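Data block below; observations after.
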Amino acid sequence: MTAKTVVAFDLYGTLLSTQSIVKQLEKHCDNAKAQSISVLWRRYQLEYTWRLNSMGRYEDFSAITRNSLLHALADNDEQLSDDNIEHLMQAYDSLSTFSDVKPALSRIATDPTIQAVIFSNGTKTMVSNSVLRSRDLSPHASVFKEIITVDEVQQYKPSKASYEHLAKQTGQDPSQMSKLWLISGNPFDIVGARATGMQAIWVDRVGAGWKDAAVPDLQPTVIVHSLEHIVKEIHSHRL
C-alpha cells in the first residue's frame, strides 16, 4: 500500500481570511478605520511572533492576538471596552474561509492518498474552535486528521524547530522533510518550510506573483491561484 502524502494546511491567511474580521470591527468604527485596524492587527500579530522568536521568548498566540489588536487600535486612536475586546477575540475564532476552501477540501476528502492536517501558530484552543465550531470550516473538520500547533515546541513559524515539530507529530522522519507538503498563503511560511527541505505550495489568490526576497534561492515548489489546484500539483510532484 502506498504511503499517504502528508499535506499541512496553514490556517490564518490560507484557509481563513483575517480580513473578514472587518465586519466585526465595523460595529465600533467606520469602514475605513475598520480596514486600517484589520490590516495593522494582522501585521502586528505576525511581527510579534517574529520578535519573540528572535528574543528566545514565547507568549501564546491568543495573547499575541489580543496585544496586536490593542496596538492596532492605539495606532488608529481607538479605545474599546474590555467586553468589546473580548467579543472581537471570540469573533477571531470564527473568521470566514476563502471561497476556494470548500471545493478544495471536498476534493481532498475523496483522495485516499492524502493525509491532511492543520499546522498553525494559533493555540490549540483557537485552532480547534475555528475548525470544529465555525460555520465555514466545521462541515469539513473530518478532512483534517490532526491539528498541530507550535504550543509544544514554543517557537513560531518560520523557525526550523516548528517545521521539524510538524514532521515528528505526523510520524515523519525529520531527515526526510522533502516528503512533507505545506500549503500556505503566507510567503514567510513558504520560505521557512523550504529552508527545511519541505515542499511548499504558495496560494497567490490575487495574482501578485512571488516577490519575497528574504532568501532569494528559496522559492515555492508550486504557485497556485486557487486551492482547488493543489491536489493536481501534489500528484504531479509526488516523489
Side-chain angles (χ1 to χ4, degrees), residues 7-25 27-28 34 37-53 57-73 80 82-98 101-102 105 116-159 161-163 165-166 168-170 182-186 188-189 192-193 203 227:
V7 180
F9 287 83
D10 173 57
L11 187 63
Y12 302 110
T14 302
L15 298 178
L16 298 177
S17 169
T18 56
Q19 275 294 95
S20 64
I21 199 68
V22 166
K23 293 179 182 178
Q24 296 298 320
L25 288 165
K27 295 178 180 180
H28 310 288
I37 292 169
S38 174
V39 170
L40 287 173
W41 188 356
R42 177 60 171 166
R43 171 185 154 189
Y44 291 137
Q45 184 190 53
L46 294 176
E47 185 178 315
Y48 285 5
T49 62
W50 301 331
R51 288 191 205 176
L52 288 165
N53 273 0
R57 298 183 59 169
Y58 182 77
E59 299 284 343
D60 76 42
F61 202 66
S62 181
I64 288 173
T65 300
R66 178 183 293 273
N67 291 338
S68 57
L69 169 58
L70 296 177
H71 193 163
L73 289 168
L80 297 180
D82 289 344
D83 283 348
N84 286 334
I85 293 292
E86 185 56 36
H87 289 153
L88 285 170
M89 289 294 294
Q90 291 174 6
Y92 212 87
D93 288 344
S94 300
L95 296 171
S96 299
T97 57
F98 292 98
V101 170
K102 180 179 178 180
L105 294 184
V117 301
I118 294 285
F119 175 46
S120 176
N121 277 339
T123 66
K124 204 80 167 200
T125 298
M126 290 176 71
V127 177
S128 295
N129 284 345
S130 293
V131 175
L132 302 176
R133 299 181 188 175
S134 78
R135 180 185 63 186
D136 288 350
L137 263 187
S138 59
H140 307 283
S142 62
V143 172
F144 304 108
K145 306 310 177 187
E146 195 170 356
I147 291 174
I148 300 166
T149 74
V150 301
D151 282 347
E152 292 178 358
V153 72
Q154 296 197 347
Q155 289 187 42
Y156 287 106
K157 298 188 280 183
S159 74
S162 65
Y163 301 100
H165 175 64
L166 167 67
K168 293 174 184 176
Q169 291 298 109
T170 54
L182 175 77
I183 314 297
S184 182
N186 297 300
F188 78 89
D189 198 7
V203 187
L227 280 177

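Numbering of residues begins at 1 and proceeds along the displayed sequence. Atom set for the values below is all heavy atoms of this structure, side chains included, hydrogens, waters and symmetry mates excluded. These numbers were taken from a predicted model, which means no experiment stands behind them.
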Using a 3.5 Å distance criterion without hydrogens, assess whether the side chain of Tyr163 forms a donor-acceptor pair with backbone atoms of Asp189. yes
Can you tell me if Gln45 and Thr65 form a side-chain donor-acceptor pair at under 3.5 Å? yes
Under 3.5 Å: donor-acceptor pair, side chain of Asp136, backbone of Thr97: yes
Using side-chain hydrogen bond (donor to acceptor under 3.5 Å, both in side chains) as the criterion, point out the one residue from Arg43, His71, Glu59 that pairs with Tyr48. His71
Would you please test Leu70 and Ile85 for side-chain contact (heavy atoms from CB on, under 4.5 Å) and show each step? CA-CA 9 Å; Leu70 296 177; Ile85 293 292; 3.9 Å; yes
Consider side-chain hydrogen bond (donor to acceptor under 3.5 Å, both in side chains). Of Asn121, Thr49, Asp10, which one does Lys157 pass it with? Asp10
Measuring from atom CD1 of Ile21 to atom OG of Ser96, what distance do you get when rounded to the nearest 0.5 angstrom? 9.0 Å
Residue Lys124 excluded, over 12 heavy atoms near NZ under 6.0 Å: yes
For Ser130 and Asp93 the tightest heavy-atom approach is OG-O, 3.1 Å
Check Ala34 against Leu25 and note the closest heavy-atom contact, atom names and distance. O-CD1, 3.5 Å
Any chance you could measure Leu80, atom CG, to Leu73, atom CG, to the nearest 0.5 Å? 5.0 Å
Which atom pair, heavy atoms only, marks the closest approach of Thr14 to Leu227? O-CD1, 4.1 Å
Between Tyr92 and Asn129, do the side chains contain a donor N or O and an acceptor N or O under 3.5 Å apart? no
Rounded at 0.5 Å granularity, tell me how far CD1 in Ile64 sits from CZ in Arg51. 10.5 Å
For residues Leu166 and Thr170, report the shortest heavy-atom separation together with the two atoms involved. O-OG1, 2.9 Å
Starting from the C-alpha separation in whole Å, work towards a yes-or-no answer on side-chain contact (heavy atoms from CB on, under 4.5 Å) for Ile37 and Leu69. CA-CA 8 Å; Ile37 292 169; Leu69 169 58; 4.3 Å; yes
Considering non-hydrogen atoms only, spot the tightest contact between Gly192 and Pro158 and give its length. CA-CB, 3.7 Å
Do Leu105 and Phe144 have side chains that get closer than 4.5 Å, going by heavy atoms? yes
Apply side-chain contact (heavy atoms from CB on, under 4.5 Å) to Ser94 and list each qualifying residue two or more places apart in sequence or on a separate chain. none
Can you list the steps and then say if Tyr58 with Asp151 is a side-chain contact (heavy atoms from CB on, under 4.5 Å)? CA-CA 9 Å; Tyr58 182 77; Asp151 282 347; 3.0 Å; yes
Once you round to the nearest 0.5 Å, how far does NZ of Lys168 lie from CD1 of Ile148? 13.0 Å
Which of Phe61, Trp41, Tyr156 passes ring-ring contact (aromatic ring centres under 6.0 Å, His included) with Tyr12? It is Phe61
In Å and rounded to the nearest 0.5 Å, what is the CD to OG1 distance from Gln169 to Thr149? 8.5 Å
Can you confirm whether Gln19 sits close enough to Val39 that some side-chain heavy atom of one is under 4.5 Å from a side-chain heavy atom of the other? yes
What I'd like to find out is whether the side chain of Lys27 reaches to under 4.5 Å of the side chain of His87, using heavy atoms alone. no
Counting distance only, does the side-chain N/O of Asp60 pair as donor-acceptor with the main-chain N or O of Ser62 below 3.5 Å? yes
Could you pull out the closest heavy-atom pair between Ser162 and Ser159, with the gap in Å? OG-O, 2.6 Å
To the nearest 0.5 angstrom, please state how far the CZ atom of Phe119 sits from the CD1 atom of Ile147. 13.5 Å
With distance as the sole test, does His140 use its side chain to make a donor-acceptor pair with the main-chain N or O of Val131 at under 3.5 Å? no
